[in-house]
Amino acid sequence: MSPSLALKVASSLEIDGSLAKAASTLPPPPSSARNLLGECFALLGPDHLAAVLRGFSAAAVANGTDLRAVWSGPTFIGDGDHTTAAVAHLIDEATQDVFASTYSASPNSAYLKALWRAVARGVKTTLLVDPKMNRGETAAWLQQKLVGAKFLGFQPGPNGGIQHSKVVIVDSRVAFITSANLSEAAHEKNLEAGVLIRDSGFASVMRQRFSSLYNEGHLYALDPPHSSDG
């Protein structure tokens, strides 16, 4: 039984407690679900059975995996959220923690504005950037725009390297992995592809990976930018 069908059966039971009406929402006979529903009804009664079905539905949704492709560039009928909307909506969902990484950024991107809203409502916000991008100017103005956020840089190995990941992780339950930077060009002009993954297990592993990189010294906290009048 799918989570949505479980809700439909639960709603029917809550309305009038009729087994026959609840069973009519199930697939046509022969259906083992009808027999099982009858047995559970006899054992639990309509109210308790409805509560069990609602609990099953909620647990299935909470522990399920929802994968969604997210694009920038030319659009087609049936496309889901554009990158701009997907990122802003995702960050606006955050209640506890946002982790975001980018290579480049622009001051007026919807992405950046969503991060500022997260900081303003007290959400712990961490941004991983490339501290050498534009001679450090990008990291500096991002720190000035997002006062209250924690900023990290990447410590490359002996052969060099840059921070080039583009990830958003919200509350360790949803992850967005994309080719798009925190820039207007990436969201409004470029052809970019990403995937939105609503899976708490996956998102938690991703968040733990960045935490491990920090704990092992591969990421480090950036110093605040120097005051222009100091």
Side-chain angles (χ1 to χ4, degrees), residues 1-100 110-111 114 117-118 121 123 167-180 187 192-209:
M1 183 180 291
S2 68
S4 60
L5 182 56
L7 278 180
K8 185 181 293 186
V9 175
S11 296
S12 177
L13 289 170
E14 288 166 347
I15 290 172
D16 58 14
S18 168
L19 174 61
K21 289 184 178 179
S24 70
T25 65
L26 298 174
S31 171
S32 59
R34 289 173 178 260
N35 295 332
L36 183 59
L37 180 66
E39 293 175 10
C40 292
F41 184 91
L43 181 65
L44 299 174
D47 292 337
H48 286 128
L49 178 54
V52 168
L53 289 170
R54 284 195 176 276
F56 159 75
S57 179
V61 170
N63 296 317
T65 298
D66 178 8
L67 301 176
R68 188 176 308 168
V70 180
W71 298 88
S72 296
T75 58
F76 297 91
I77 295 175
D79 279 356
D81 275 349
H82 184 274
T83 300
T84 305
V87 171
H89 292 164
L90 176 58
I91 295 172
D92 284 342
E93 289 180 18
T95 60
Q96 298 176 352
D97 178 84
V98 173
F99 179 94
Y111 196 163
R117 290 194 295 271
R121 65 178 182 272
V123 173
V167 173
V168 179
I169 305 167
V170 165
D171 294 341
S172 294
R173 61 178 179 80
V174 188
F176 180 48
I177 303 173
T178 179
S179 63
H187 292 182
E192 307 280 1
V195 59
L196 183 64
I197 306 159
R198 293 186 177 276
D199 183 306
S200 57
F202 177 84
S204 180
V205 168
M206 287 286 294
R207 188 67 179 89
Q208 290 170 17
R209 173 73 178 203

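- In terms of the side chain to side chain contact (heavy atoms under 4.5 Å, CB included) criterion, residue partners of A114 (sequence neighbours excluded) are, by chain and number, A88, I91, D92, R117.
- Here the closest heavy-atom approach between residue D97 and residue R207 is recorded as OD2-NE, 3.1 Å.
- L19 meets the side chain to side chain contact (heavy atoms under 4.5 Å, CB included) test with L37, F41; sequence neighbours excluded.
- Remark: side-chain polar atoms of S204 are not paired, donor with acceptor, to backbone N or O of G201 under 3.5 angstrom.
- Contact detail for P46 and G17: the closest heavy-atom pair is CB-CA, 3.8 Å.
- Rounding to the nearest 0.5 angstrom, the gap separating the CG atom in D66 from the CG atom in L196 is 7.0 Å.
- Closest of all the heavy-atom pairs between S18 and L13 is O-CD2, 4.0 Å.
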(request) Please step through side chain to side chain contact (heavy atoms under 4.5 Å, CB included) for the pair M206 and I197, ending with a clear verdict. (result) CA-CA 11 Å; M206 287 286 294; I197 306 159; over 6 Å; no

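- Smallest separation of non-hydrogen atoms from T83 and S72: OG1-OG, 2.7 Å.
- By the salt bridge (charged side-chain N to carboxylate O under 4.0 Å, His left out) test, R209 pairs with no residue at all, sequence neighbours left out.
- Pairing each heavy atom of A94 with each of V123, the nearest pair is O-CG2, 3.5 Å.
- For F99, the ring-ring contact (aromatic ring centres under 6.0 Å, His included) criterion is met by F210, not counting sequence neighbours.
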(request) Let me see the working for F202 and I177 under side chain to side chain contact (heavy atoms under 4.5 Å, CB included), right down to the final yes or no. (result) CA-CA 12 Å; F202 177 84; I177 303 173; 3.9 Å; yes

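- Remark: of the listed residues V168, I169, V70, V168 is the sole one forming a side-chain contact (heavy atoms from CB on, under 4.5 Å) with L90.
- Residues forming a salt bridge (charged side-chain N to carboxylate O under 4.0 Å, His left out) with R173 (at least two apart in sequence, or on another chain): E93, D171.
- Using a distance-only test at 3.5 Å, with no hydrogens or angles considered, a donor-acceptor pair links the side chain of S179 to the main chain of A193.
- In this structure E14 satisfies the side chain to side chain contact (heavy atoms under 4.5 Å, CB included) test together with A50, R54, sequence neighbours excluded.
- Residue A203 comes nearest to A175 through the heavy atom pair CB-N, 4.1 Å, listed as atom of the first residue, atom of the second, then distance.
- Every residue was checked against the side chain to side chain contact (heavy atoms under 4.5 Å, CB included) condition with S24, not counting sequence neighbours, and none meets it.
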(message) Test side chain to side chain contact (heavy atoms under 4.5 Å, CB included) on T178 and V87; report intermediate values, then the result.
(response) CA-CA 10 Å; T178 179; V87 171; 5.8 Å; no

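- Remark: D47 engages no residue in a salt bridge (charged side-chain N to carboxylate O under 4.0 Å, His left out) (not counting sequence neighbours).
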